[in-house]
Amino acid sequence: MKRWTWKMNDPGITKEQYLNIARKFGFTKRELELGYLKVSGFSNHRIAYMLGISQQTVKNHFTHIYEKAWVPGRKEFQELFTQDG
């Protein structure tokens with residue numbers, strides 16, 4: 001039986017660095033968790049599977065996350081954590 005493993009992509013930022021930036025937006029604990037998974041390169045489908053929630057729930061969380069971070073979408077969200085300074 002083949003066993004699936006989920007490899008985390010290198011986000012180019014440590015979890016501590018991510019949290020230092022993300023906490024400024026007032027994210028909930030769950031939003032912090034989902035945001036880090038997204039920054040690490042996971043898709044909504046994979047995040048839903050890993051956390052045992054629906055893809056719609058993941059989308060709803062990201063709607064709130066993007067609103068709190070004042071960004072229109074995933075690309076701009078990820079840029080918040082890869083920009084210099």
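- Taking the side chain as every heavy atom from C-beta outward, Leu51 and Leu34 approach each other to under 4.5 Å.
- A donor-acceptor pair is defined here as one N or O able to donate and one able to accept, closer than 3.5 Å; such a pair exists between the side chain of Tyr18 and the backbone of Leu32.
- Open room surrounds CD on Glu16; 12 or fewer heavy atoms of other groups in view lie less than 6.0 Å from it.
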**OP:** Evaluate side-chain contact (heavy atoms from CB on, under 4.5 Å) for Phe62 paired with Ile47, printing each intermediate quantity in order.
**Re:** CA-CA 11 Å; Phe62 280 111; Ile47 292 169; 4.1 Å; yes

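- Between Arg30 and Ile53, the closest side-chain pair of non-hydrogen atoms falls below 4.5 Å.
- Contacts of Lys68 classified as side chain to side chain donor-acceptor pair (under 3.5 Å), with partners at least two apart in sequence or in another chain: Glu31.
- Side-chain contact between Glu79 and Val71: absent, with no pair of heavy atoms (C-beta onward) separated by less than 4.5 Å.
- Between His64 and Thr28 there is no side-chain heavy-atom pair separated by less than 4.5 Å.
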Original post:
Under the side-chain contact (heavy atoms from CB on, under 4.5 Å) criterion, do Tyr49 and Gln55 qualify, and how do the steps go?
Top reply: CA-CA 8 Å; Tyr49 178 82; Gln55 287 186 62; over 6 Å; no

**OP:** Evaluate the side-chain contact (heavy atoms from CB on, under 4.5 Å) criterion for residues Leu80 and Val39: first the C-alpha distance (whole Å), next the side-chain angles of each, then the deciding distance (0.1 Å), finally the verdict.
**Re:** CA-CA 10 Å; Leu80 292 173; Val39 169; over 6 Å; no

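- Taking the centre and axis of the six-membered ring of Phe77, the NZ or CZ atom of Lys38 falls outside the cone set by 45° and 6.0 Å.
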**OP:** Go through Thr82 and Ile13 one step at a time and tell me if the side-chain contact (heavy atoms from CB on, under 4.5 Å) criterion holds.
**Re:** CA-CA 7 Å; Thr82 57; Ile13 186 171; over 6 Å; no

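- How far OG1 of Thr14 is from CZ of Phe81: 11.5 Å, rounded to the nearest 0.5 Å.
- Counting all heavy atoms, side chain and backbone alike, Pro72 lies closest to Tyr66 at O-CD1, 4.5 Å.
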